[in-house]
Amino acid sequence: MALSIGVIGAGTMGRGIAETALVSGFSVILLDTSPEIAARGVAGLKKSLERGVERGRITRESMDDMLGRLTPGTDLSLLKDCSVVLEAVYEDPDVKSSVLTTVSQIAGSETLIGTNTSSLSISRLARKVASPERFVGIHFFNPVPVMKLVEIIPGENTSSSTVSRARELALAMGKTPVVVKECPGFVVNRLLCPLMNEAAYLFMEGVASAEDIDTAMKLGANHPIGPLALADLVGIDVLLAIMEVLHSEMGDDKYKPCPLLKEMVAKGHLGRKTGQGFYSYGP
Ligand code: NAI
């Protein structure tokens, strides 16, 4: 029988992690707070696999096989026999803490428990985990089936064998792991979010148009996408939240969120997901 991975949270990241695990041959238990939300996660995952069939990346038979290895649900006790549990619930310390406490009591003490948090302290979350030496940050990127990187972030109690297991898991899921010391934003967000924030300052100051700022970075720095288009993709609210964490945790004004981001969030201009950010995306 295929090794079983439990994924908690069937939102954007959870369903992407579940899909990637299925494609890599694992069995997956995908949990959320209601059967309807879990079913929505499964529907999104299925749609993504179907696109893979249409584009000839996978066969219909292998898609059916993958869906046969997927068990959606709401009951955390389903995770008791999983060798790995990955948590991708809301980025809220209370929600994550309560999920992690319960899961770490249900799952065997050898079960690897990973959190996909973007900004919370792994060591602080670890205080809620029974046997915290098997708990580690495993940070995937959106969209998970496409993005090759996984940041692995040990907390102060994470054992070296847990770090090795997390690396092996990332490799088995077709990803490239990098191990990162615990710090706000880890590597990618610490570098990328200040870049997008600075681009927002340039735009706010009228230094150049959004198109010209993005063209400048695409052609002048060989970036595949400009920083403002990327901010729209990530979500202006998500970018603002990460800048606020960087600013408060690092205690350095170089991370001060651009006031324009706050204004955009207040207006509901959150980027692609609302149809309006630095660019307009139509209905
Ligand atoms: P989301 O809002 O799309 O999904 C979160 C899911 O968790 C929802 O379906 C929600 O119903 C579920 N949930 C909430 N409480 C729960 C509970 N107690 N038990 C089970 N399920 C519960 O959020 P998203 O974007 O998938 O983010 C999840 C995590 O991944 C967050 O920690 C976020 O910071 C992180 N992350 C997000 C990235 C992104 O680009 N969206 C990128 C990398 C990490």
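As the structure lists them, so they are numbered: ligands from 1, and atoms in each ligand from 1.
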Check ligand 1 against [X] and write out every atom of the ligand that is under 4.0 Å from a heavy-atom position of the residue.
{"X": "H139", "value": "43 (C), 44 (C)"}
{"X": "E91", "value": "31 (C), 32 (O), 33 (C), 34 (O)"}
{"X": "T117", "value": "32 (O)"}
{"X": "I8", "value": "20 (C)"}

Minimum-distance pair of heavy atoms, taken over all atoms of [X] and [Y]:
{"X": "N116", "Y": "H139", "result": "OD1-CA, 3.4 Å"}
{"X": "L246", "Y": "P184", "result": "CD2-O, 3.4 Å"}
{"X": "L120", "Y": "F186", "result": "O-CZ, 4.4 Å"}
{"X": "G9", "Y": "L30", "result": "O-CD1, 3.8 Å"}

Ligand 1-proximal atoms of F141, by part, heavy-atom distance under 4.0 Å: neither
Can you tell which part of D32 has a heavy atom less than 4.0 Å from ligand 1: side chain, backbone, both or neither? both
Would you say the side-chain atoms of S121 and E182 include a donor-acceptor pair closer than 3.5 Å?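 Yes.
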Under a 3.5 Å cutoff, is there a donor and acceptor pairing between the side chains of D253 and H247?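 Yes, because at least one side-chain N or O of D253 sits under 3.5 Å from a partner of the opposite role on H247.
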[atom]: nearest protein contact (heavy atom, Å):
{"atom": "atom 15 (N) of ligand 1", "value": "V95 CG1, 3.5 Å"}
{"atom": "atom 18 (N) of ligand 1", "value": "V99 CG2, 3.3 Å"}
{"atom": "atom 16 (C) of ligand 1", "value": "T33 CG2, 3.5 Å"}
{"atom": "atom 25 (O) of ligand 1", "value": "T12 CB, 3.8 Å"}
{"atom": "atom 29 (C) of ligand 1", "value": "V89 O, 3.4 Å"}
{"atom": "atom 2 (O) of ligand 1", "value": "Y90 CE2, 3.5 Å"}

Output yes when the distance from some N or O of ligand 1 to some N or O of [X] is under 3.5 Å, and no in every other case.
{"X": "S118", "answer": "yes"}
{"X": "M13", "answer": "yes"}
{"X": "K96", "answer": "yes"}

Mind running salt bridge (Lys or Arg N to Asp or Glu O under 4.0 Å) on D237 and K273 for me, showing each step along the way? CA-CA 11 Å; D237 52 336; K273 61 187 165 191; 2.9 Å; yes
Might you confirm whether atom CZ of R165 has over 12 heavy atoms from other residues, nucleotides or ligands at distances under 6.0 Å? yes
Does the protein put a heavy atom less than 4.0 Å from atom 23 (O) of ligand 1? no
Taking D65 first and then R69, would you say they form a salt bridge - that is, a charged N and a carboxylate O separated by under 4.0 Å? yes
Criterion side chain to side chain contact (heavy atoms under 4.5 Å, CB included) against C82, the qualifying member of V84, V85, L78: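 Exactly one option meets the side chain to side chain contact (heavy atoms under 4.5 Å, CB included) with C82, and it is V85.
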Please compare A241, S98, G11 and report which has the shortest non-hydrogen distance to atom 4 (O) of ligand 1. G11
Out of V7, N116, T115, whose heavy atom is nearest to atom 30 (O) of ligand 1?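 The option holding the nearest heavy atom is N116.
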Measuring only between side-chain heavy atoms, which start at C-beta, is M204 closer than 4.5 Å to C258?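 Side-chain contact under 4.5 Å: yes.
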